[in-house]
*Asks:* 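The structure that follows is given in the form of structure tokens.
Keep in mind that what you see is a predicted model, and the values were worked out from it rather than measured. The first residue of the sequence shown is numbered 1, and numbering continues consecutively from there. One-based numbering, in listed order, for ligands and for the atoms of each.
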Amino acid sequence: MTSATSTEQAIELELQSVSKSYGKNLAVKSITASIPQGKVSVIVGPSGCGKSTLLRIISGLDFPTQGSVTFNGAPVRGVPEGLAMVFQDYSRSLFPWMRVDRNIGFPLRHISADERRQRVQEAIDAVGLKGKEKLYPWQMSGGMQQRAAIARALASHPKLLLMDEPYASVDAQTRADLEDLLLDIHATLGVTVLVVTHDIDESIYLADHVIALSAPPSVVAETVEVDLPRPRNQISTKQDPRFVELRAHVTSLLRSH
Ligand SMILES: Nc1ncnc2c1ncn2[C@@H]1O[C@H](COP(=O)(O)OP(=O)(O)OP(=O)(O)O)[C@@H](O)[C@H]1O
């Protein structure tokens, strides 16, 4: 079952007053946020504000000290079905001894070989790695490895794609290419996306809405609707006066809390 807001926007994921303490250290404090189905949501905040903590809680790898998380209306008590995650460190998420196609197909061991092959090929095509199927991760650039990690997540046909600082380990040009890849995938597949980043420009460029977190103990400073048209473009979108205005607004939010 999927809950809905008053404007009938279906909600994929809901955080209700989520707090997390590590001993006496209160990392996040009463975070309430709704992640709408089929949209790109981005959590942005300064280093140490609890972004990774929140993602671990959302993905069922850790539990809140207080509050609750629901995914399609059901409480998250372990890693939920229908959720896939892409991490910052692609070098640790791919197996170096497996070729790209086997890496991507690895989580699909439970489905038939035919369907697995088809899903792997579709995912490879979606991320632009056609022809690279038989390479090992260490034979590919960082950007290509992150594409493979994204393909592995997509091959499971997730409802929700979670991304933890997915482009923090690549150079600026590759980062821009991967941002555009994510927007293409989102436009084509309509999957719900939740990205965590400390990069304000990236948050606005990607998002339908930006959840700006304060410094720790972190609260939601504001949820900012990003009313920039799609498709977006690295040059024209970032020159749009509205982009500049939103960037200034989010920057001031992160500085003033
Ligand atoms: N397993 C843990 N045990 C104890 N404290 C932790 C643990 N994980 C995170 N913390 C603390 O919780 C706070 C938030 O950390 P977290 O890694 O979630 O922040 P972040 O926003 O992802 O940081 P960064 O952007 O630098 O990666 C920090 O004070 C951190 O020291």
*Asks:* Run the numbers for me: atoms of ligand 1, each under 4.0 Å from some heavy atom of Arg56, listed by number.
*Replies:* 8 (N)
*Asks:* Would you please say whether a donor-acceptor pair under 3.5 Å links the side chains of Gln16 and Ser68?
*Replies:* no
*Asks:* Taking side-chain hydrogen bond (donor to acceptor under 3.5 Å, both in side chains) as the definition, give me every residue that meets it alongside Gln66, ordered by chain and number, with sequence neighbours left out.
*Replies:* none
*Asks:* Checking a contact table here: which protein heavy atom is nearest atom 25 (O) of ligand 1, and how many Å away?
*Replies:* Lys51 NZ, 2.8 Å
*Asks:* Could you say whether the N/O atoms of Ala27 and ligand 1 ever approach to under 3.5 Å?
*Replies:* no
*Asks:* Distance to 0.1 Å, residue and atom name: give those for the protein heavy atom nearest to atom 9 (C) of ligand 1.
*Replies:* Tyr22 CE1, 3.5 Å
*Asks:* Could you tell me whether Lys20 approaches ligand 1 through its side chain, its backbone, both or neither, with non-hydrogen atoms closer than 4.0 Å?
*Replies:* neither
*Asks:* Should one rank Cys49, Ser47, Pro217 by closest heavy-atom distance to atom 26 (O) of ligand 1, which comes out on top?
*Replies:* Ser47
*Asks:* Nearest protein heavy-atom contact for atom 19 (O) of ligand 1: which residue, which atom, what distance?
*Replies:* Gly50 N, 3.1 Å
*Asks:* So which protein heavy atom does atom 27 (O) of ligand 1 come closest to, and at what separation?
*Replies:* Ser52 OG, 4.1 Å
*Asks:* With a 4.5 Å heavy-atom cut-off, do Arg147 and Asp177 have their side chains touching?
*Replies:* yes
*Asks:* Could you check whether Glu202 pairs with Arg175 (Lys NZ or Arg NE/NH1/NH2 to Asp/Glu carboxylate O, under 4.0 Å)?
*Replies:* yes
*Asks:* For atom 28 (C) of ligand 1, grab the closest protein heavy atom and report residue, atom and distance to one decimal in Å.
*Replies:* Gly48 O, 4.0 Å
*Asks:* Would the number of heavy atoms belonging to other residues, nucleotides or ligands and lying under 6.0 Å from CZ of Arg230 be above 12?
*Replies:* yes
*Asks:* Can Asp199 and Tyr205 be counted as having a side-chain donor-acceptor contact under 3.5 angstrom?
*Replies:* no
*Asks:* Using a 4.0 Å heavy-atom cut-off, which part of Leu54 comes near ligand 1: side chain, backbone, both, or neither?
*Replies:* neither
*Asks:* Listed by chain and number, what are the ring-ring contact (aromatic ring centres under 6.0 Å, His included) partners of Phe95, not counting sequence neighbours?
*Replies:* Trp97, Phe106
*Asks:* Where the closest heavy atom to atom 29 (O) of ligand 1 is concerned, which of Thr53, Asn25, Leu213 has it?
*Replies:* Asn25
*Asks:* Charged N to carboxylate O below 4.0 Å: is that the case for Asp201 and Lys238?
*Replies:* no
